[in-house]
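Report on the structure given below.
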Amino acid sequence: MADAGRGGARDTPGVKEARDLVAGARTTVVLTGAGMSAEAGVPTFRGEDGLWKSHRPEELATPEAFRRDPVLVWSWYAWRQRRIAECAPHEGHRALARYTLEHPGSLLATQNVDGLHDRALAEVRGRGPDAGAPIPDRARPRTLHGSIFRLRCSSCSHRQAAEEPVSMGDDPGDLPTCPRCGSLLRPDVVWFGEPLDVAVLEEVFGHARAADVCLVVGTSAVVHPAASVPVATLEGGGAIVEVNPDETPLSRHARVSLRGKAAEVLPGIVD
Ligand code: NAD
Ligand code: ZN
């Protein structure tokens, strides 16, 4: 296992080994977690800010909490939407966007609900030679835990985009409702105790098993089933490349474990 040392500069030996592995791979799967967005300024669950001081995610991000107090749950999500809307994708998001657009054998799966991979894709495509051309579906991130910028009905199957942060007051009557059945709309994210989308899981795990390389960025690798994606690549005979300033349970299984930050290290690996 190579270790690039903290800060992971572009030409450290670990970066070169990772770059060669990725460049030589026919199929790759990229798995990103909350650390991917840290340098973009997206607050983590247990940061300093507001609502987090008095409420734990495990108490708010559940269907029971939404039934009990939809105003409280929505005020937390509306706050997160506003915070995330103020953040922008960084060089690492853009490097991965270029990589997935240019490599048909790649698939990016993210645990993040912040939409930053999608925004980077739109940015990169908008500036490139194919500006205006639609983004192929295969290059779009597979959102294992949903998106904070999509809404879904709490009763029926209706889903819709929420490009703008939801605006709301203290009255349940101000909350967004389903245009089809009138029930409350909720964020289209996977809450504690809820299953992940089976079709998305099958696609990601199928791809991971066949992948030559799984590039794992900014995840503590403890939330399953997402944390099992790199294991699927390993079991299929592929290699893990990890980017994380800290050691994780995956580090000892990784062919290359780069102790660097996503925005600093990724362009040197995938560009
Ligand atoms: P996690 O918070 O458990 O772990 C984050 C990991 O990122 C840590 O291992 C940390 O060492 C690493 N890290 C920190 N800064 C980094 C950087 N600059 N570059 C690379 N790595 C860095 O995150 P998780 O494993 O994704 O699991 C948390 C859960 O919380 C997920 O289910 C996710 O959906 C959710 N979540 C999402 C967001 C988001 O959408 N941005 C934010 C917070 C939490
Ligand atoms: Zn409905």
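Each ligand, and each atom within it, is numbered from 1 in the order the structure gives. Note: hydrogens, waters and symmetry copies are ignored here, and every other heavy atom, side chains too, is used.
The distance from ligand 1 to the heavy atoms of Val42 drops below 4.0 Å at these ligand atoms: 41 (N). Atoms of ligand 1 found under 4.0 Å from any heavy atom of Ala34 (numbered from 1 in listed order, with element): 2 (O), 23 (O), 24 (P), 26 (O), 42 (C), 43 (C), 44 (C). Proximity to Val113 (heavy-atom distance under 4.0 Å) selects the following atoms of ligand 1: 39 (C), 40 (O). Heavy-atom contacts of Glu39 reach the following atoms of ligand 1: 17 (C), 18 (N), 19 (N) (cutoff under 4.0 Å).
By the 4.0 Å N-to-carboxylate-O rule, Arg186 lies close enough to Glu194 to be salt-bridged with it. Note on Arg98 versus Glu123: no salt bridge recorded, every NZ/NE/NH1/NH2 to OD/OE distance being 4.0 Å or above.
The distance from the Zn ion (ligand 2) to the nearest N/O/S atom of Cys181 is under 2.8 Å.
Compare Val222, Leu258, Val223 by their heavy atoms: the one nearest to atom 28 (C) of ligand 1 is in Val223. With atom 38 (C) of ligand 1 as the reference point, the heavy atom nearest to it among Leu144, Val189, Asn112 is part of Asn112. Scanning Glu247, Lys261, Gln111, Arg259 for the heavy atom closest to atom 33 (C) of ligand 1 points to Gln111. Heavy-atom proximity to atom 7 (O) of ligand 1, evaluated over Gly218, Cys87, Gly33, is greatest for Gly218.
Ligand 1 lies out of reach of Val217, whose nearest heavy atom is not under 4.0 Å from it.
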